[in-house]
Peer 1: 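This structure is in structure tokens; I'll ask about it shortly.
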Amino acid sequence: MRMAIAVAKTKGSDPADSPLGSVIVLDGRVLSAEPNQTEQLPDATAHAEMMAIRRACEASGEMELRGATLYSTLQPCGMCTMATIWSKVGRVVYGAGREDVHRMYFEARHVDTLAFIADAYRDDVVIEGGCLRDECAALYYPPDVDLPEAEQANL
């Protein structure tokens, strides 16, 4: 998770820049480490987890990442959760959860990704939240900050 935090910080320290970081590890080897790249590419699907999955598949030469662990500084959104399921990542470890950060970081009509995984057709994905929670949450706006709606993503 410390590597994911370092990757997130490559985006700077402004919470408005969505400083997310994701790392995928398989058998003790880092396959990928990617920040959120939606604005840079521009690509709405270039979330840190999506980019990490793409790069890990390229690095391994496989479409499936069985046995791999995906580390993310923020609880994955619905799109990233589905990509995790489809790529057959075995374990997801995230830092800050939706209750730890401003609601702008999640869809206004949020799909509870934890329940989504629990109800998915795969029951072998392990989810662990709260890893270095405070350090990860510090990357983002806190839940109670008053932000102008024009500055809030996803709303």
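Note that the numbering runs from 1 along the sequence shown for the chain.
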Peer 1: When rounded to the nearest 0.5 angstrom, what distance separates CG in Leu65 from NZ in Lys88?
Peer 2: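 Leu65 atom CG to Lys88 atom NZ measures 10.0 Å (nearest 0.5 Å).
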Peer 1: Could you give the distance from CE (Met82) to OG (Ser87), rounded to the nearest 0.5 Å?
Peer 2: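 Those atoms lie 10.0 Å apart.
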Peer 1: Shortest non-hydrogen contact from Leu74 to Ser72?
Peer 2: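 Result for this residue pair: O-OG, 2.9 Å.
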Peer 1: I need the minimum non-hydrogen distance between Gly95 and Met1, along with the two atoms involved.
Peer 2: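 Minimum heavy-atom contact is N-CE, 3.4 Å.
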Peer 1: Return a table of donor-acceptor pairs under 3.5 angstrom between the side chains of residues 140-148 and protein atoms on other chains or two or more places apart.
Peer 2:
residue	atom	partner	partner atom	Å
Tyr140	OH	Pro19	O	3.1
Tyr140	OH	Thr73	OG1	2.5

Peer 1: How about CG on Asp14, more than 12 heavy atoms from neighbouring residues, nucleotides or ligands closer than 6.0 Å, or not?
Peer 2: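 More than 12 heavy atoms, drawn from other residues, nucleotides or ligands, come within 6.0 Å of this atom.
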Peer 1: Got a sec: does the CD of Glu39 have more than 12 other heavy atoms crowding it under 6.0 Å?
Peer 2: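 Open: at most 12 neighbouring heavy atoms sit under 6.0 Å from CD of Glu39.
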Peer 1: Whether the side chain of Ser22 engages the backbone of Tyr71 through a donor-acceptor N/O pair (distance < 3.5 Å, no angle test) should be reported.
Peer 2: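 A pair under 3.5 Å: yes.
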Peer 1: Going hydrophobic residue to hydrophobic residue with side-chain gaps under 4.5 angstrom, can you get from Leu26 over to Val92?
Peer 2: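 Yes, Leu26 and Val92 fall within the same hydrophobic cluster.
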Peer 1: I need the minimum non-hydrogen distance between Met63 and Cys57, along with the two atoms involved.
Peer 2: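 Taking Met63 first and Cys57 second, the nearest heavy atoms are O-SG, 3.5 Å.
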Peer 1: Output a table of donor-acceptor pairs, distance under 3.5 Å, between side-chain atoms of residues 127-138 and any protein atom two or more places apart or on a different chain; print 'none' if there are none.
Peer 2:
residue	atom	partner	partner atom	Å
Glu128	OE1	Arg91	NH2	3.2
Glu128	OE2	Arg91	NE	2.9
Arg133	NH1	Glu99	OE2	3.2
Arg133	NH1	Asp100	OD2	2.9
Glu135	OE1	Arg2	NH1	2.8
Glu135	OE2	Arg2	NH1	3.0

Peer 1: Are Met51 and Ile53 in one and the same hydrophobic cluster, where Ile, Leu, Val, Met, Phe, Trp and Tyr link if side-chain heavy atoms are under 4.5 Å apart?
Peer 2: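 No.
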Peer 1: Identify the heavy atoms of Glu34 and Ala48 that sit nearest to each other, and give their distance.
Peer 2: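 Closest approach of Glu34 to Ala48: O-CB, 3.5 Å.
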Peer 1: Output the distance between atom OG1 (Thr45) and atom CE (Met79), rounded to the nearest 0.5 Å.
Peer 2: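 It comes to 5.5 Å.
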Peer 1: Out of curiosity, Thr81 OG1 to Tyr94 OH, how far, rounded to the nearest 0.5 Å?
Peer 2: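 Atom-to-atom, Thr81:OG1 and Tyr94:OH are 9.5 Å apart.
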Peer 1: Could you report the tightest heavy-atom contact between Ala46 and Leu41, atom names first, then the distance?
Peer 2: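 Scanning both residues completely, I find the closest heavy atoms to be CB-CD1, 3.6 Å.
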Peer 1: Any donor and acceptor pair, going by atom type alone, linking the side chain of Lys11 with main-chain N or O of Pro35 inside 3.5 Å?
Peer 2: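 No.
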Peer 1: Can you tell me how far apart OG (Ser32) and CD (Glu49) are? Round to the nearest 0.5 Å.
Peer 2: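 One finds 11.0 Å between OG of Ser32 and CD of Glu49.
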Peer 1: Under 4.5 Å between side-chain heavy atoms, hopping through other hydrophobics if needed: is there a path connecting Val23 to Val93?
Peer 2: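 Per the 4.5 Å side-chain linkage, Val23 and Val93 are co-clustered.
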Peer 1: I need the minimum non-hydrogen distance between Ser13 and Pro15, along with the two atoms involved.
Peer 2: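 So the two residues come closest at O-CD, 3.3 Å.
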Peer 1: Going by heavy atoms in the side chains, are Leu139 and Lys9 under 4.5 Å from each other?
Peer 2: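 Result yes, sub-4.5 Å side-chain heavy-atom pair found.
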Peer 1: Are Leu31 and Glu62 packed together at the side-chain level, in the sense that at least one heavy-atom pair is separated by less than 4.5 angstrom?
Peer 2: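 No, their side chains stay 4.5 Å or more apart.
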Peer 1: Under a 4.5 Å side-chain heavy-atom rule over Ile, Leu, Val, Met, Phe, Trp and Tyr, are Met3 and Ile5 clustered together?
Peer 2: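 Yes, Met3 and Ile5 fall within the same hydrophobic cluster.
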